[in-house]
Structure formats: C-alpha cells, structure tokens
Amino acid sequence: MARIEIKGLNKSFGASRALRDLDLVVEDGEFFVLLGRTGAGKTTILRSIAGLEKPDSGMVKIGDHDVGGWTAAQRDVALVLQQYSLYPRLTVRGNLEFPLRSKTRKFTESEIAARVEKAAKTLQITHLMDRKVERLSGGEMQRVSIGRAIVRQPAVFLMDEPLSALDAKLRESLRVELKRLHSDLGATFLFVTHDQVEAMSMGDKIGVLRQGRLVQVGTPSDIYERPLNTFVARSVGSPPMNLINGRMSGGEAQIGAFRLPVSIAGAVERPVTFGVRPENVTLQSGAPVEAKVFDIEDQGVIKVLTLEMGSDRLHVTVPAGTKVGRDEMVRFGWKPDRVLAFDPDSGMNLALA
Amino acid sequence: MAEVKTKGEVIVNRAAIVAVMLALVVMLTPILWITATAFKPRNLATTVPPTVMFEPTLSPFAKLFTKRSQLREPVEQEVYDAAPWWEQLVFDGGEQVVRNKKTGEATPSGFGGRYLNSLIVSIVSTVLAVSMGTITAYGFSRFRVPGEQDWLFFILSTRMLPPIVVAIPMFLMYRAVGLYDTHIGLIILYTAFNLSFAVWIMKGFIDEIPREYEEAALVDGYTRLQAFFKIVLPEALTGIAATAVFCFITAWNEYAFALMMTSRNAQTAPPYIPSQVGSGLSDWTVIASGTFLFLLPVAIFTFLLRNHLLRGMSFGAIRK
C-alpha cells in the first residue's frame, strides 16, 4: 500500500505547458479523483506517476521512494485506460495472465492460476475466460482491464477515464463496483475523469484541475459547498451554480433593481459575484423577486427552470409536481445562508480568501 | 450477404466483370505462353500459327540445367538406352550433354547456380530490409526524434533518383572495396534499395497500432523491447507481410545492377536468362523454362502470404 506524493511537477509539450508546478498528495488507501476538462493535464499526471512520461522537473514519490529514475515496470502501479487497454489476439485469460508472466515478477504457474481465478471471480468474468477480447462488449472489456490491474495486487491503481466510453447504465453499475473494489482492496486509487458526477459520487477526495494547476482539493462536499473560486463552483453540480453580478449593500444582495437577503459575515459595500446553486433558489408566492420563466426542462424527479431576471438568467430546480408554464411570471427567493460571494475580478470565494 | 441492386447497378457490375476479365486475359496471356513454351518440344516453339495442343515434355528443363553441344552423328542405341531420362531428352533434340572427360560427370549449365544466387540474395536482403525498416519505423513512430521530418524526408529522398544513375560510381566503388561479384555486395545494394520503402510503409502500419497497448505492457512489468516483440510485432504482421512481398519482388526482379555488379560468382538469374538468347541459335523453349522457374518463387511467396496481403494492401487499414 502506498501514498503518492507529487512535488513541483512541470511538463511541457512543445509550446504548451501541460503541468505547472503541480503539488499533489494522495494518502494511502484513498480514492482520489482528479476532475478536469480535456487538456487540463489529468492524463499527464497519471502518465508521470506510471512512468510513461518523463516530467521536465519535479518529484514523484510512491510510498517512501522517489521513483523519478524508475521504469514503468519497476513502479508497481496498475493502469486502466478508457480504451485500447486490452491486448488484442489474446483471450481474456491471456490478458489476465500477461502481467503475471513478466520476467520482473516470478510467479509459479499455480500462483498465476490462483490469482487469475480470484480476479475473475471478483469481477464476475469467469464465463468469459476463453473468449478473444475483440468479441467482448465494452463493459466486459473494462471489467477485464480492471481484472488485469488487480491480479498483480499493485500498491497503486491509476485509472484514466475508464468508464467514459461506456453507456450510461453500465457506467453507473461499474461505478458502484469500482467503489466496492476499492474498499475491498484497500489500495490507493487515483481516478481521472472529466465527469463531475463520477467525481462527486466516487471520490473520497476530489482535486479540481485547470490548465495544469490544481485549483482546489477537498472532499466532495467541500468542493460542492465551499468552492475556492467560480471555476470550481461551475465545475461540479448539474445544472451548474448560478453566478450573478451584483453589489453587497447594507447587508443585502443588490442585483439590478432587486434586493435579496444574504447572511455573509462581515459584508462590506462592494461589487460581488453571487453564487447560488439551483436547488437553493425557491419559488414562493410571497418571495421578494419576480422573474419570467424562460424555459422548462422536465427531468422526471425535478424540473429545471430557467428564469429571466433582468439581463441575467437563473437556473432553478423545483419538484417535478410544480405547476408552472413558460413565460409565466413567478416570484422567487433564495436561502440566504447558502449564497456564496465571489470577487468579480479574481473569481475567488470571499469567505475563503 | 444478399444485397438489393437496381438495374443500373447490375449493368455496371456486369460491365466491371467483363472489364476485369479482359484485363486478366491481357495480363495472363504472356504467362500462359511462357508456361506452354516451357513444356514444348523445340520444333513446336516457334510455329506459325502457334501450336496450342501438344504433348508436354521436360526436355527444355533438361537442356536448361545442362551444358550441351551439337551431335555430329546420331547417337548409338546402346549409349542412348544407358543414358538417364534427362540425357535421352537432350539426345532427342539432336544434342548431347557435355561430360567431364575424366570423371564422366555431366557438366551443369549456369542456371542452377544463378537461381540459387537469386534466392540467397533476395531472401537475405528482404529479411534485412524488413527487419531494419520495422525497427526504424517503430523508433520514428513512438519516440520524439529530433528532426524527425527531415530524417524521414532524407530516407524518402533516396528513392527520388533512379538507382541506375549511380551505377557507374557504385561499380567503381564496389571494385575498389572488393564487393564486386559477391553475394554480400548485391545484398547490401538491394537492402539499401528497399530500406527506405520498408521504413515508410512500416511507419504507416505501426502508427496505426495504438500505443496504449505497449504502454499497458510497460506498466505490466515488461521492457520496451519485450513489449515490442510481444505486442507490436504480432499486430504489425500484416504490414510486415506486405512489405516483405514488395521487397522480395524488387530484389528478385532486379536486372541492371545484377548485370553490372556480378559475373561468374554471384550473378543472379535475371541477367542469365536473356544471355542465353545470344548463344548460337536461340532455343526459346529453354529460355521459357528458365523464365517459368523464375516466376515460381514470387508466385509461391505471394500465395503463402495472401491472407495478410488482402488486408495489408489497403495500407494501414488494420482492425482496431
């Protein structure tokens, strides 16, 4: 079992800088999710840890060892990729045995058979063992590639969007299985994704990446409730957090002609970007502000309304049973204690700054 | 699968079949002619109109492999009966096999040795060009090589000049360093001809193989070289087969350099066969039999690799 520590990691590809002075610590046994858009440097971090990419500068430690000079084979990590992760031309069994037959590990035949058997049982792929991998479905393929990772019982699992190529249903069931696997194995998981739902639902901790920098690290509720800046605030939650420019004035939020109560301690007079999640906006007949319903999106459990409020648009989630029509005028308020204030220029959360 | 076709498509389809058949007739007639002539008795080889039906004989092959001279007087019956079947065939044509005065051994013609030379030179140069080309292509495909585009262009540029242009300087160089008329000399030449081609074709194939496969192997505890042999090579087999066929054909068919750079020791079959036209009255059946045998290896080689070629010829279209 191992802790991963990264210090001052830099990596450029030609003119573009993939990682900038990145520091990251994944505690032993943690399920850590790196969340970021395409090009944020997620994959580069994984590849640097795996030893497939040589960083320009910086240190990578796995356990107590600085693995900078180690080859991928020596690092004892497992990698699960989005696709192309199985060896073609081999059967499922061949794929599972492949890592065990490496010359750097000396396993006896019976040991190999036992480990493969155990991995296959864990992932419920025993009936597929003699099938060629090109004849598997997407979900089966990913199961096998996770199996290929666990047969070695490595200290660290690195997963590069392993669920992204699957359809929604399968993704959900594999998500659950991966979490269970993590708690059964007790190994360190570093999971990379661009899908905020995946990040929120799986991670013990989430690291939000932007342009090669780690913006914020925290538990899912930290990230969701106390985002460091507007970027993090918009990265998680669906529909995303509403960000509205206004002013703090007299202990109230002033947005255009509207005034709404807030409970932000030590509020001074200044321009502010208010952040409020759609579920913290409430429709009430006696509420302080009136707005027009611009659009309604019925998602079954909830309805997502888009309200037009002056020049701003506001997402609101309401129970599906709410009777409301397009272009109707509604009155709404928000939960004052759930409203965040950001600096309009830097985007920083004023409460955390 | 049965497809539904419109009338127009049916007509186009039939027209295409007719066109292909015409093309095949045009291309295969010379091969049929050569094959037929290789099994004809000499007096039927040049008849006008051509003889189509005849009793096949192996006498052209008997003559091809032996050194012969004209019979001044008919051979005695006892000698004829005692002779092996191939010598009888030569006697039938009014010639005799030249025998060593002391040992009585039949003197072979140059063909067998030349044919063997062709096989050695072609096979060795193909193996060298394809293996070197594959490794080079792998390097270009997987690693950041400084000046990669320039190097690749340089490699390609060696094909921009007809090789024969450099024949004279090559000849002088070969003489100076003692490569003239050696197998190794021809092998180096043909490998050099084919290498640039092999690098470019193989790069196309290897680029198509997702590098994730090897990286997975690296993480799984294999070295780069082991990953190359276990993962990349099996995937690149189709490309290797296609490249090997092309390289083999180039080396096997090469005429000009073989004629110039070799004489007795290392000469290959292509310059030998036409050299027989000039010696005395041309015996077309012998030339045809030599050509027929010369056609065989490429046909066999291509046939053996046909499954790979079908996929390989559509350059780089491998299943993912």
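Labels below follow one simple rule: chain letters A, B, ... track the order of the sequence lines, proteins then strands, and each chain is numbered from 1. Quick caveat, the model's predicted, so the values are computed rather than measured.
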Q) Going by the side chain to side chain donor-acceptor pair (under 3.5 Å) test, which pairs reach into residues 216-228 of chain B, not counting sequence neighbours? A) Y87(A)-D220(B), R148(A)-D220(B), R152(A)-D220(B), Y138(B)-R224(B), E214(B)-R224(B), T223(B)-Q226(B)
Q) Restricting to pairs with a member in residues 119-132 of chain B, which pass side chain to side chain donor-acceptor pair (under 3.5 Å), not counting sequence neighbours? A) none
Q. Can Q82(A) and E212(B) be said to form a side chain to side chain contact (heavy atoms under 4.5 Å, CB included), step by step?
A. CA-CA 10 Å; Q82(A) 183 181 341; E212(B) 282 86 347; over 6 Å; no
Q. Side chains of R17(A) and N10(A): is there a donor and an acceptor less than 3.5 Å apart?
A. yes
Q. E30(A) and T188(A): side-chain donor and acceptor closer than 3.5 Å?
A. no
Which atoms of [X] approach chain B - backbone, side chain, both or neither, heavy atom under 4.5 Å:
X: L90(A); answer: neither
X: R101(A); answer: both
X: L79(A); answer: both

(Q) Could you check, using the six-membered ring where one of them is a Trp, whether F191(A) and F157(A) have ring centers closer than 6.0 angstrom? (A) no
Q | chain B interface, residue from G51(A), A78(A), S102(A), S145(A) that has the most non-hydrogen pairs under 4.5 Å | A | S102(A)
Q. Going by the angle between their ring planes, with limits at 30° and 60°, are Y115(B) and W252(B) parallel, tilted or perpendicular?
A. perpendicular
**Q.** Lys/Arg-Asp/Glu bridge criterion (N-O < 4.0 Å) met for K203(B), D207(B)
**A.** yes
Q) Which members of residues 116-123 of chain A, sorted by number, sit under 4.5 angstrom from chain B on a heavy-atom basis? A) none
Q) When only heavy atoms count and the cut-off is under 4.5 Å, which of residues 6-16 of chain B reach chain A? A) none
